[in-house]
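Here is the naming used below: chain letters follow the sequence lines, and residue numbers restart at 1 for every chain.
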Amino acid sequence: MTLGSEVPLYEVRNASKHYGSVVALDDVSMKIHAGEVVGLVGDNGAGKSTLVKILSGAHQPTSGQVFLDGIERHWKSPQDALEAGVETLYQESGLAPHLSVSSNVFLGREEYVKGPLGKFGFLAQKKMDRIAHENLEKVGIAVPQSNRSISQLSGGQRQAVAIGRAVSWAKHVIILDEPTNHLGARQAKEVLQIIKNAKAQGLGVIFISHTLPHVLEITDRIVCLRLGKVVADAPTSTFDAEKLLGTITGLIDSK
Amino acid sequence: MNKVASRVKSAFGNQQVLLLTVLVVMVAFFTSRNSVFFSNAVFGNILSDWSPIVLIAIGETFVIISGGIDLSVGSTVGVSGVVGAITMEGMTNHHQGQNLTLVVGLLVTLGVGLLVGIINALMITKAKVVPFIATLVTMGAGAGLSIVFTGGDPIGGGPAKAISLSVPDFGPLSRPGLVVVIIIAALGIVLHKARFGRYTFAIGSNSFAARAAGINVNRHLAKVYILSSLLASCAGYYFYLRLGSGAPTSGQGGELQAIAAVVIGGAALSGGVGNFFGTALGALILTTVTSGLIIINVAANWDQVAVALLIAAAVLLQQYRNRVRK
Ligand SMILES: Nc1ncnc2c1ncn2[C@@H]1O[C@H](COP(=O)(O)OP(=O)(O)O)[C@@H](O)[C@H]1O
Ligand SMILES: [Mg+2]
């Protein structure tokens with residue numbers, strides 16, 4: 001692989017995050033290239049979700065830097081990262097249950113009616129319903145009706161909508177925090193297929209999961225966190241299930 | 001027939017059809033007990049009572065949908081009306097024209113509302129005080145200040161024209177009443193058809209998701225609380241026009257009536273749920289009960305009991321619905 005020599009698509013250098021006295025992340029660095037799927041693994045509390053929030057602009061690191069396409073960026077809010085083409089699926093629900101599927105897909109990116117009313121923020125709901133449906137379909141999701149509210153969907157359908165939204169908007173990087181959690185085998189397989197499609201389109205994907213067979217199947221490289229530190233960063237081909245589990249739990253120390 | 005019914009249902013939602021039914025039943029009941037009830041004069045009175053309540057209730061609808069609460073609206077009605085009245089009394093004493101006085105009085109009244117809204121917004125979004133406490137603070141301060149400013153008495157002595165504006169010109173509606181209808185209709189459209197309303201629902205439904213989607217949650221909440229206080233000051237001015245004076249007590253208990261109207265209208269205090277027609281009808285039901293009970297000669301204190309029962313019924317209905325949905 002020659003990926004290592006190119007400018008990484010997305011990079012975090014020496015990031016630390018303290019919550020009061022808790023050190024959630026300690027001097028973490030990682031890179032991701034276009035068309036690459038990086039698996040981020042680690043035990044509960046290892047700091048995966050914290051790293052995700054730094055990469056997505058939801059939290060600011062206590063120290064450290066973030067680079068997109070080699071240029072240093074300072075995300076002040078998720079909006080900054082979204083506008084730069086970095087989409088995130090959070091582990092906590094990122095959907096508003098009382099809003100419809102399409103309102104969620106377009107949340108923060110609404111389409112407005114033409115003319116002066118649009119200037120006042122009048123929503124082009126029909127148009128959003130239609131495009132949301134098309135986009136979800138394109139991503140490969142069995143789409144529920146666009147105007148149904150999220151609270152009427154099953155857990156799997158909700159997750160599918162959340163993933164579909166992230167993938168359909170992503171321009172550069174997509175971060176998925178435990179996207180296959182609570183999903184049945186068939187739905188999980190659909191999610192993996194969506195990730196493969198995103199990779200084929202040249203997106204950089206960060207995939208977080210506790211389901212190690214999925215990580216081994218889908219990723220090109222694996223970064224392992226333990227107690228807020230990176231303890232492994234190597235091509236997926238160098239891992240097997242046993243070694244990966246050992247690295248996560250600390251029974252195998254690769255550093 | 002069924003088609004029409006289902007159209008009505010989809011246009012208004014089940015809750016509103018129910019509220020409309022309750023309202024019709026009430027009107028029929030009160031009319032059957034005393035036929036005077038069914039008259040332009042009584043309807044005009046009900047609408048005059050309804051106008052200030054629906055103003056603050058619509059503001060409260062935005063606040064409650066966003067997942068918050070605004071307890072300060074009642075006392076903001078009082079303090080804004082009082083400060084406006086003092087301004088207009090002073091201008092009249094200095095022989096300023098009536099129209100100019102009314103316009104300056106309006107701007108001052110709204111200015112007080114704006115100020116209260118900004119204080120609420122700063123406490124909630126910057127100091128991170130929970131809305132219940134933040135607005136409890138401004139509720140107390142506003143009520144206290146309006147007594148301090150007036151010594152407890154209504155402030156009259158403003159333009160004589162004020163009260164003559166409040167005669168019913170449009171059927172049972174007065175000119176200020178018509179303005180109220182226009183304001184709340186516009187806000188109903190904003191709530192359900194525009195970005196501002198969409199973000200209000202999104203934040204109340206899941207504020208983490210709203211922020212993650214790039215919405216500036218704090219800035220939006222600040223606007224919602226400012227809107228609520230501004231509408232309360234509109235109600236303060238409405239009372240001034242109706243009474244020809246600014247009374248420190250004019251909005252007393254208004255926050256409870258507003259919250260009652262919103263809850264009866266189908267909103268959930270946990271946020272993310274609520275609608276314009278529900279609130280407007282909820283407020284109309286409240287004022288109809290009050291007027292009706294007076295007209296059929298039921299002792300005034302039963303009014304509060306009736307309102308309590310309506311709230312209880314609305315909450316039970318909501319819980320029943322939630323259970324059915326799950
Ligand atoms: N908002 C927060 N406040 C305080 N501590 C937190 C917060 N978020 C996470 N932590 C702590 O940081 C550590 C890492 O958590 P997290 O990033 O969620 O881990 P993971 O996603 O790998 O399970 C844990 O010890 C967790 O308790
Ligand atoms: Mg996590």
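The candidate with the highest count of non-hydrogen atom pairs below 4.5 Å against chain A, out of B:Gly271, B:Ala210, B:Gly214, is B:Gly214. The greatest number of non-hydrogen atom pairs below 4.5 Å with chain B, out of A:His98, A:Glu87, A:Gln79, is found for A:His98.
Look at B:Arg195 and A:Glu110 and you find no salt bridge, because none of the NZ, NE, NH1 or NH2 atoms lies under 4.0 Å from a carboxylate O.
Only the side chain of A:Leu82 comes within contact range of chain B, with heavy atoms under 4.5 Å apart. Only the side chain of B:Phe208 has a heavy atom closer than 4.5 Å to any heavy atom of chain A. Only the side chain of A:Tyr90 has a heavy atom closer than 4.5 Å to any heavy atom of chain B.
Neither side chain, A:Gln201 nor A:Asn197, offers a donor N or O lying under 3.5 Å from an acceptor on the other. Side-chain contact, A:Ser103 with B:Arg198: a donor N or O sits under 3.5 Å from an acceptor N or O.
Side-chain contact between B:Leu115 and B:Val112 is absent, with no heavy-atom pair separated by less than 4.5 Å.
To the nearest 0.5 Å, atom CG of residue B:Leu114 and atom OG1 of residue B:Thr109 are 12.5 Å apart.
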